[in-house]
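Here's the structure we're looking at; comments come further down.
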Amino acid sequence: MIDLSKYTKELSKHFSASENILLICHINPDGDSVGAQLALYHYFKAIGKNVDMMAPNNLQEFLKWMDGAVQINIFTKDRKKCKTLIEGADLIVMLDFNQTGRLGEAEKSVIASKARKVVIDHHLDPENVADLIISDPSKCSTSELVHELICDINGGKFMNRSYAEALYVGIITDTGNFEHGAYSSRTFRIVADLLDSGIIKEQIINLIYNNFSADRLRLQGFALNKRMVVIPEFKTSYIYLSKSDLKEYNHVKGDTEGFVNMPLSIKGINFSALFIEKDNFIKLSFRSKGHFPSNEFASQYFSGGGHLNAAGGEYSDTLENTIAYFLKVLKENVWRFEEKD
Ligand code: 5GP
Ligand code: MN
């Protein structure tokens with residue numbers, strides 16, 4: 001855990017010195033990246049700052065209901081406006097990522113911007129991409145970190161309903177509704193304050209989790225029934241979905257979210273992978289239980305990264321070859337399961 005007070009003074013200076021603040025989430029943003037972004041947005045609005053938001057490529061359907069989400073500019077949909085915002089900002093805050101590659105097509109413009117840059121994140125091994133990097137992997141979510149920073153800056157407390165809702169979404173999505181990840185007693189103290197602010201947790205849970213299409217549910221059934229492979233001797237299971245599988249179930253972005261977690265519920269399975277066929281590459285997601293370093297595996301073999309127990313990457317080959325390569329490198333790493341398990 002890092003000592004936040006070491007950072008809040010400098011962060012506070014950046015906030016005070018800035019007239020035009022631009023908040024950026026990562027490519028294909030999850031609930032935490034958008035939650036942290038919207039929470040900061042509502043904070044800056046409440047204190048009367050000029051603040052804008054940008055997402056590199058899209059916003060998933062299940063996050064669009066959030067207060068302020070319509071104000072998020074999508075770089076790939078409105079490049080002109082986004083470039084103007086990037087160039088006009090005097091402070092850019094990047095949320096829930098620590099590599100400029102996670103900015104997608106916005107990367108060049110953000111790097112070229114003269115704005116001062118701040119990273120607020122909870123992933124390991126940040127790249128040196130900003131003037132101030134606040135990175136704490138002991139936090140369950142960037143949203144939790146954002147709240148602690150804002151409270152520190154704001155004399156111990158800050159809360160309003162839209163802000164609380166955004167943080168709640170960030171925390172539940174990054175912990176699978178308090179099932180995994182680095183949540184702690186501190187997280188629950190924050191959540192207690194969020195609930196006291198008047199948010200309706202049942203409503204939020206419904207909007208986040210009970211919002212699927214019938215096709216999505218059928219795709220999940222198909223994935224488990226026909227596309228899941230279990231390798232007990234490697235304590236591993238993987239699911240693969242081809243483009244034609246996805247087409248058959250009228251796949252829309254976000255439909256496969258969470259699939260990678262499912263094989264971990266099998267007794268004795270400590271590592272899970274999901275292969276999704278894209279146009280020119282295979283997108284991989286990894287989840288592990290215990291000490292198997294998904295992030296090292298992802299960065300060493302699949303140009304990716306992430307957390308110890310949740311990571312991702314990609315590989316430019318066919319689905320078949322990617323699975324064969326995965327099995328080969330998995331075999332080379334299988335000792336990592338056996339060491340302490
Ligand atoms: P997911 O499997 O949910 O897409 O991603 C899990 C975690 O891995 C996230 O925390 C995300 O930051 C990280 N991650 C996923 N894909 C990539 C990738 O291509 N590159 C890097 N560096 N991290 C990734
Ligand atoms: Mn996160």
Side-chain angles (χ1 to χ4, degrees), residues 24-40 56-58 60 62-63 94-104 107 119-127 129 134-148 166-183 187 208 223 238-241 253-264 271-276 278 280-288 292-316 322 326:
I24 307 184
C25 60
H26 59 68
I27 192 166
N28 302 318
D30 57 5
D32 183 33
S33 199
V34 174
Q37 182 180 35
L38 286 171
L40 262 182
N57 62 337
N58 75 321
Q60 295 186 69
F62 79 101
L63 298 171
M94 297 183 262
L95 294 149
D96 198 42
F97 64 102
N98 59 26
Q99 298 167 331
T100 53
R102 306 277 286 154
L103 287 161
E107 182 177 14
V119 161
I120 304 178
D121 183 41
H122 67 138
H123 293 87
L124 293 166
D125 307 323
E127 275 179 5
V129 293
I134 308 178
S135 170
D136 188 354
S138 81
K139 298 285 187 279
C140 76
S141 54
T142 298
S143 299
E144 179 177 320
L145 180 55
V146 161
H147 183 58
E148 294 199 335
L167 291 177
Y168 192 73
V169 167
I171 291 172
I172 62 170
T173 52
D174 253 26
T175 61
N177 207 15
F178 308 108
E179 210 175 282
H180 53 72
Y183 68 85
T187 313
I208 295 289
Y238 66 87
I239 293 173
Y240 61 96
L241 290 165
K253 233 181 172 96
D255 274 357
T256 57
E257 192 89 23
F259 283 15
V260 66
N261 293 303
M262 296 189 294
L264 286 185
F271 186 48
S272 161
L274 175 70
F275 301 76
I276 304 284
K278 303 276 183 185
N280 298 310
F281 67 98
I282 308 298
K283 176 71 200 165
L284 292 108
S285 281
F286 302 112
R287 295 292 184 273
S288 64
F292 185 84
S294 306
N295 50 351
E296 282 175 29
F297 189 79
S299 69
Q300 196 171 341
Y301 302 109
F302 295 99
S303 321
H307 310 267
L308 182 76
N309 295 131
E314 51 189 64
Y315 198 67
S316 297
T322 304
F326 167 78

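Start at 1 and go down the list; that is how both ligands and their atoms are numbered.
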Of all N/O/S atoms in [X], the name of the one nearest the Mn ion (ligand 2):
| X | value |
| --- | --- |
| D174 | OD2 |
| H122 | NE2 |
| D32 | OD2 |

Short side-chain to backbone donor-acceptor contact, [X] and [Y], under 3.5 Å:
| X | Y | result |
| --- | --- | --- |
| D96 | C25 | no |
| N295 | A311 | no |
| D32 | S143 | yes |
| S33 | L95 | yes |
| E314 | G304 | no |

Taking N, O or S atoms only and a limit of 2.8 Å, check whether [X] reaches the Mn ion (ligand 2).
| X | answer |
| --- | --- |
| D96 | yes |
| D121 | no |
| H123 | no |

Which word best sums up how the rings of F297 and F302 line up, parallel for under 30°, tilted for 30 to 60°, or perpendicular for over 60°? tilted
Where does the angle between the aromatic ring planes of F286 and F326 fall among parallel (under 30°), tilted (30 to 60°) and perpendicular (over 60°)? parallel
Students should find this: residues with any non-hydrogen atom under 4.0 Å from ligand 1. What is the answer? Q99, R102, H123, K283, S285, R287, G304, G305, G306, H307, A310, A311, G312, G313
Check whether the ring centres of Y315 and F275 lie less than 6.0 Å apart, and answer yes or no. no
Output yes when E148 and K139 qualify as a salt bridge under the 4.0 Å nitrogen-oxygen rule, no when they do not. yes
